[in-house]
Every structure is written in structure tokens, then in C-alpha cells.
Amino acid sequence: MTAKQHLTRFSAIVLPLAAVVGMSSAAQADEWTPTRNIEFIAPANPGGGWDTLVRTTTRVIQEEGLAERSFGAINVPGGGGAVAWAQIARDSGNPHKLFATSPPMILVPLAGASRYDHTNFTPIARLITDYSIVLVRNDSPYEDLPSLIEAMEQNPQLSVGGGSAPGSMDHISMAGLAAAAGLNASDVNYIPFSGGGEAMTSLMGGHVQAVITGAGEASGQLGENSQIRALGVSAPERLSGALAEVPTYQEQDIDYTFDIWRGVMGTPDMPAEAVAYYEDLFAQMLETDGWQQARDQLGWIDAYQDSEEFGAFLDEQKEQFSTILGDLGLLGE
């Protein structure tokens, strides 16, 4: 269901005046609203995909006046998300705490690096799809993906950094790219960092030769006077805005795409009324001019799912990623 359809479903329900006047106090109590400010957690350091999603949505909600209470962006880095998940899991039922999520929510637990997975939390909504992008420094000898892949084949120690843990999103994305290009995926020298910002700092310092990260979080750093260069993006076709000049993997004869979905989850056992409130809030946000402008600048694509749909999608992702990790020998015990 699209955000517009979601909104239409609610707006199409028109209650007769008599029914509104006679509405019971129990029904009124179901219309939950926050009683204090909301903690919106990015489970990584500033500069990564989770952080970008949290800060962008927080800003748009505030600027568009969609909520009476403010959303506070909070960074809780460590373990590819595992540190934040452990903290959030202890706050069961709290309706004033949300966190950004994406494939690591599935991948990190499957790799055995977190005791908590998506089933321990409350799905709120999937918001967007992003894509992976491979970056090098401007003075790098690698002008395109084939030249980087060839160098990786000749030198297995060539390091590629990413903003998530081994066996997590950036690692799987890079391993899949290498495999599609004819390399042994398990031979990729992947270097994990606690967020895309730290990975970029390492690239600029010459500590890794390339970085794979979210296209959206990299878009603001690309441009005429940028110190980094993009070699390729995992989208099925070219993106818009600052990423319009970046070729896809497929354009470079590597038949591989990788979607990075991003969404919002809540604490374990979050009350259903709070879930409904946030579902509607984020659906409204996607319809605003402020969101659409930010989305286009970041190269994101709207991909809204409500709580029920998102939960089913996460179950499907677990099945798919279990197979991929098993093939790479990265499935945890």
C-alpha cells in the first residue's frame, strides 16, 4: 500500500455527526498521542544511513508541524547496531522511543553478532529504498568498477571499508558485487566501521582503498570540488540529483543490484495505539513537500509499508538473507 493509499483509507472514513457526539470514552482513549518528546535512535555514529534517515525525518516532521512533541535524534553506535538494540530491548512497552532500521537488523543477528533480531521489536513503517555506492578518493588509480575489481583480484589484501559489521549490509552488498564480477565473495578484504561517517574518514586518510556505503548518505559529499569519486551504484537504473552522473553496476557489465530498504521500529510490545499514531504520522510525512525535496536530494525512493506489511516483509528478508549468508559461510550459530 502506498502512502497516498494509506492516507486515503483513513480520510475516506466519515463518521456521522451523531456518531461522533456519541463516541464512547473508551474509543476516544484509543486516539493516542505522545505525552513527552520522542527519542529517535540511530544505532550508529553520525554520518551513516541510519543517522541520515533519523535526522532527515526529524527535521521534516518539525518543519512541517506534523507532531506536537519533538523528535530528538540520538546516536548509539556499536556492533553494527547491536549495542543500541540491546538498550532498546530493555525498554519494553515505551511508546516514546523509536529507531531507524535497515538490512543489518536482519543480517547482524543471522551472523551471530546480536542476540536480538527484528522479532524482538515492533515494526512501525518502511519508508524508503536506498542503494549501495562504491567510492574512492579523487586521486585513486581506479577510474571505474572493473578496474577496482581487477585490482582486488590481483591483490586480495586491497581493503574496502563499510559502515556496518562483518556479515552485515555493506559487507553483503560488497561480497555480492564481487561474486557477480567473478571473484570469490569470501575473499573480499572488508573492513568494518561504526557507521558510514567513520568509513569515509578512513578512506580520506588512506587507511582503506575504497568504501561501500549508502548512496543517500554519500550524495551530499559528491560534487564538482569533492575529494571523493563514485565508481558505481547498485540501482537498476541511474538515480537523480547529485547521483545522476554515477553509472550503475549493470552499465559496467556487472549484473548485480542491491536494495537498501530503510524504516522505523519501536520498542518491544509497543501499544497498538502508539503504532497506529506513528504509522499515520510517517504516512503524512511522505506526502509533504519538505520530505519530497529531501528525498530527491538524497536519491531515495519512497517505499512505504505499514506495520503489518513491514513485519511480513522483514520475515521474508530473514529467509532470503539466511540463504545468502549460508552461501558465503557467514551464518552464525
* Considering non-hydrogen atoms only, spot the tightest contact between I133 and A218 and give its length. => CG2-CB, 3.9 Å
* Of all residues at least two apart in sequence or in a different chain, which pass the side-chain hydrogen bond (donor to acceptor under 3.5 Å, both in side chains) check with R115? -> none
* Structure fact -> Residue set satisfying side-chain hydrogen bond (donor to acceptor under 3.5 Å, both in side chains) with N120, at least two apart, ordered chain then number -> none
* Should we count CG of D255 as having more than 12 external heavy atoms under 6.0 Å? -> no
* Asked: Backbone N or O of G216 within a donor-acceptor pair of the D130 side chain at under 3.5 Å?
  -> yes
* Give a yes or no on this: more than 12 heavy atoms of other residues, nucleotides or ligands lie within 6.0 Å of atom CD of Q252. => yes
* Structure fact -> Shortest non-hydrogen pair, W85 vs P43, comes out as NE1-CG, 4.1 Å
* Asked: Is there a donor-acceptor pair closer than 3.5 Å between any side-chain N or O of R238 and the backbone N or O of A244?
  -> yes
* Please check if the side chain of S226 supplies one atom and the backbone of Q221 the other of a donor-acceptor pair under 3.5 Å. => yes
* How about D144 and S147: does a side-chain donor come under 3.5 Å of a side-chain acceptor? -> yes
* If you round to the nearest 0.5 Å, how far is CG of D187 from CD of Q157? -> 10.0 Å
* To do: Write down the atom of D269, the atom of S92, and the distance for their closest heavy-atom approach.
  => OD2-OG, 3.5 Å
* With sequence neighbours excluded, residues passing side-chain hydrogen bond (donor to acceptor under 3.5 Å, both in side chains) with N138 -> none
* Scan F121, Y116, F71, W50 and name whichever one has a ring-ring contact (aromatic ring centres under 6.0 Å, His included) with F99. => F121
* Parallel, tilted or perpendicular: rings of F313 and F310 (30°, 60°) -> parallel
* To do: For L158 and A151, work out which heavy atoms get closest and say how close.
  => CD1-CB, 3.6 Å
* To do: Would you name the heavy atoms of L66 and M285 that are closest together and state the gap between them?
  => CD1-CA, 3.6 Å
* When the ring planes of W32 and H96 are compared, do they come out parallel, tilted or perpendicular, using 30° and 60° as the limits? -> tilted
* Asked: Can you name the residues that form a side-chain hydrogen bond (donor to acceptor under 3.5 Å, both in side chains) with Q292, not counting sequence neighbours?
  -> none
* To do: Give a yes or no answer on whether the side chain of D302 reaches the backbone of I128 with a donor-acceptor pair at less than 3.5 Å.
  => no
* **Test of ring centre spacing under 6.0 Å for F282 and W291** => no
* Is a side-chain donor-acceptor pair under 3.5 Å present for W261 with Q305? -> no
* Looking only at non-hydrogen atoms, find the nearest pair between V136 and Y142 and report the distance. => CG2-O, 3.9 Å
* Quick one: salt bridge (charged side-chain N to carboxylate O under 4.0 Å, His left out) pairs with a partner in residues 191-213, sequence neighbours left out? -> none
* Structure fact -> Applied to residues 40-52, the salt bridge (charged side-chain N to carboxylate O under 4.0 Å, His left out) test, sequence neighbours excluded, yields D51-R55
